[in-house]
Enquirer: 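Can you read through this structure? Questions will come right after.
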Amino acid sequence: NPILQIHNLSKTYTTRTGEVHALKDVNLNVERGDIFGIIGMSGAGKSSLVRCINLLEKPTGGNVIFDGQDMLTISPAELRTARRSIGMIFQQFNLLMQRTALKNVSFPLEAAGVPKKEASARAAELLETVGLTEWANSYPSQLSGGQKQRVAIARALATEPKMLLCDEATSALDPTTTRSILRLLQDINRKYGITILIITHQMNVIEEICSKVAILADGRVAESGSVRDIFANP
Ligand code: ADP
Ligand code: ADP
C-alpha cells in the first residue's frame with residue numbers, strides 16, 4: 001500500500017475579501033521508496049499542500065492517509081508520532097543559530113527522550129552520513145548554504161522518518177550545490193529506502209532525481225505519472 005494517499009483534498013481560505021480555493025480535489029498516491037516530485041508555479045497551492053500533509057493546516061475537505069493512518073482522525077499523540085515519521089526539509093534550512101551542527105542534529109533526539117550521550121553519538125553518525133564530520137562543532141553562520149542543508153537533512157533523518165518532505169529544499173542554492181544535495185537525497189533513498197517527496201517550482205530538480213511527478217496548477221493536479229511519460233519529447 002502507498003505510504004501517502006491524498007483523497008479529494010481541498011483547502012479554502014476565508015479572507016476579508018472572500019474565499020481562496022488553494023487546493024481543489026487533489027488526489028495523489030506516493031508509493032513506498034519513490035522519489036516523487038510535485039511541481040507547480042507560484043500560487044499553484046504547493047505550500048498549502050505541504051501544510052495539509054503534515055497537518056500544520058487543517059484541510060477543508062478530503063483525507064490524508066500517511067502510512068495507513070488517517071491524519072485527520074488520529075489522536076493528538078498518534079499525530080505527533082506520525083509527524084516524527086515525516087522528516088521536513090525547508091528552503092531556509094530552519095536551523096537553530098545558537099547551536100552547533102551536532103547540537104542541531106541531536107536536538108530532536110533529546111526532545112524525543114534519547115539520553116544526551118546516545119543522542120550525540122547518533123548525531124555524529126548522521127553528520128558523517130551527510131559528509132560533515134569536520135563541521136560538527138561549527139555554528140550555522142560558519143557554514144555554506146549547501147552545508148546548512150546537509151545539517152538539516154541529518155536532523156531530519158535523526159528520528160528515522162519513513163518519508164522526507166522537501167519543501168523547495170534547493171531553491172536557495174546555486175546549481176552545483178543543488179546537484180550535490182539532490183545526489184545526497186538519492187543516496188539516502190537508495191541506502192535506507194526512505195520515500196522522498198519533493199515540492200518544487202524547479203523543473204531541473206524533477207528531471208534530475210524524480211521517478212514520478214504530479215503537476216499542480218491552480219490548486220488541481222493537472223497531470224501525474226512517471227517523469228518519463230509526462231515529459232517525454234516526441
Ligand atoms: P504556492 O506555494 O504554490 O505558491 P500557496 O499554497 O502558497 O501556493 O497558495 C495557493 C493560493 O492560496 C494562493 O492564491 C495564495 O494567495 C492563497 N493562500 C495561501 N495561504 C493563504 C492564507 N493563509 N490565507 C489566504 N490565502 C492563502
Ligand atoms: P513534536 O516534536 O512533538 O513531534 P513539532 O510540532 O515540534 O512536534 O514537530 C512536528 C513536525 O513538524 C516535525 O517533523 C517538524 O519537522 C515539523 N515542523 C515543525 N515546524 C514546522 C514548520 N514551521 N513548518 C512545517 N513543518 C514544521
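Atoms within a ligand are numbered from 1 in the order they appear, just like the ligands themselves.
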Enquirer: With heavy atoms under 4.0 Å as the rule, classify the contact between Leu216 and ligand 1 as side chain, backbone, both or neither.
Expert: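 It is neither; nothing of Leu216 touches ligand 1.
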
Enquirer: Is there a polar contact, in the sense of an N or O pair closer than 3.5 Å, between Val20 and ligand 1?
Expert: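 Between Val20 and ligand 1 (N or O atoms, distance only) the closest approach is not under 3.5 Å.
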
Enquirer: Identify, by atom number and element, the atoms of ligand 1 in contact range of Ser42, meaning under 4.0 Å from any of its heavy atoms.
Expert: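 Selected atoms, number and element: 4 (O).
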
Enquirer: Taking the hydrophobic residues Ile, Leu, Val, Met, Phe, Trp and Tyr, and joining any pair whose side-chain heavy atoms are under 4.5 Å apart, which ones share a cluster with Val114?
Expert: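 The other cluster members (ILVMFWY side chains, heavy atoms under 4.5 Å, direct or chained) are Leu109.
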
Enquirer: With sequence neighbours excluded, what pairs up with Asp25 under the side chain to side chain contact (heavy atoms under 4.5 Å, CB included) test?
Expert: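 Here the qualifying residues are Asn8.
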
Enquirer: Heavy-atom contacts with Thr15 under 4.0 Å: which atoms of ligand 1 show up? List them by number with element.
Expert: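 In order of numbering, the contacting atoms are 25 (C).
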
Enquirer: For Lys24, is the NZ atom crowded, meaning more than 12 foreign heavy atoms sit under 6.0 Å from it?
Expert: yes

Enquirer: Closest non-hydrogen protein atom to atom 8 (O) of ligand 1, residue and atom name please, with distance?
Expert: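 Its nearest protein heavy-atom neighbour is Gly45 N, 3.0 Å.
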
Enquirer: For the residue pair Tyr13 / Ser48, report whether a side-chain donor-acceptor contact shorter than 3.5 Å exists.
Expert: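 The answer is yes; a qualifying pair exists.
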
Enquirer: Within the 4.0 Å heavy-atom shell around Met41, which atoms of ligand 1 are there?
Expert: 3 (O)

Enquirer: Does any N or O atom in Ala22 lie less than 3.5 angstrom from one in ligand 1, N or O only?
Expert: no

Enquirer: Can you find a heavy atom in the side chain of Ile153 that is under 4.5 Å from one in the side chain of Ile181?
Expert: yes

Enquirer: Which one holds for Arg51 and ligand 1: side chain close, backbone close, both close, or neither close, with close meaning a heavy atom under 4.0 Å?
Expert: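 Answer for Arg51: side chain.
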
Enquirer: Identify the closest protein heavy atom to atom 4 (O) of ligand 1: which residue and atom is it, and at what distance?
Expert: Gly43 N, 2.7 Å

Enquirer: Under 4.0 Å between a Lys/Arg side-chain N and an Asp/Glu carboxylate O for Arg32 and Asp67?
Expert: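 Counted as a salt bridge, because a side-chain N and a carboxylate O are separated by less than 4.0 Å.
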
Enquirer: Whether the Glu78 and Thr81 side chains hold a donor-acceptor pair (N or O, under 3.5 Å, no angle test) is what I'd like checked.
Expert: no

Enquirer: Determine whether the side chain, the backbone, both or neither of His201 has a heavy atom under 4.0 Å from any heavy atom of ligand 1.
Expert: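 For His201, there is no contact with ligand 1 at all, from either part.
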
Enquirer: Tell me the protein heavy atom at minimum distance from atom 19 (C) of ligand 1, and give that distance in Å.
Expert: Tyr13 CE1, 3.5 Å

Enquirer: Given the protein's heavy atoms, is any one of them under 4.0 Å from atom 21 (C) of ligand 1?
Expert: yes

Enquirer: Hey, which atoms in ligand 1 end up nearer than 4.0 Å to a heavy atom of Ser48?
Expert: 5 (P), 6 (O)

Enquirer: From Arg84 CZ over to Ile86 CD1, what is the distance, rounded to the nearest 0.5 angstrom?
Expert: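 The CZ atom of Arg84 sits 12.5 Å away from the CD1 atom of Ile86.
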
Enquirer: Would you mind finding which of Lys46, Glu19, Glu57 brings a heavy atom closest to atom 3 (O) of ligand 1?
Expert: Lys46

Enquirer: Distance check, rounded to the nearest 0.5 Å: Cys210 atom SG versus Arg228 atom CZ?
Expert: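 One finds 13.5 Å between SG of Cys210 and CZ of Arg228.
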
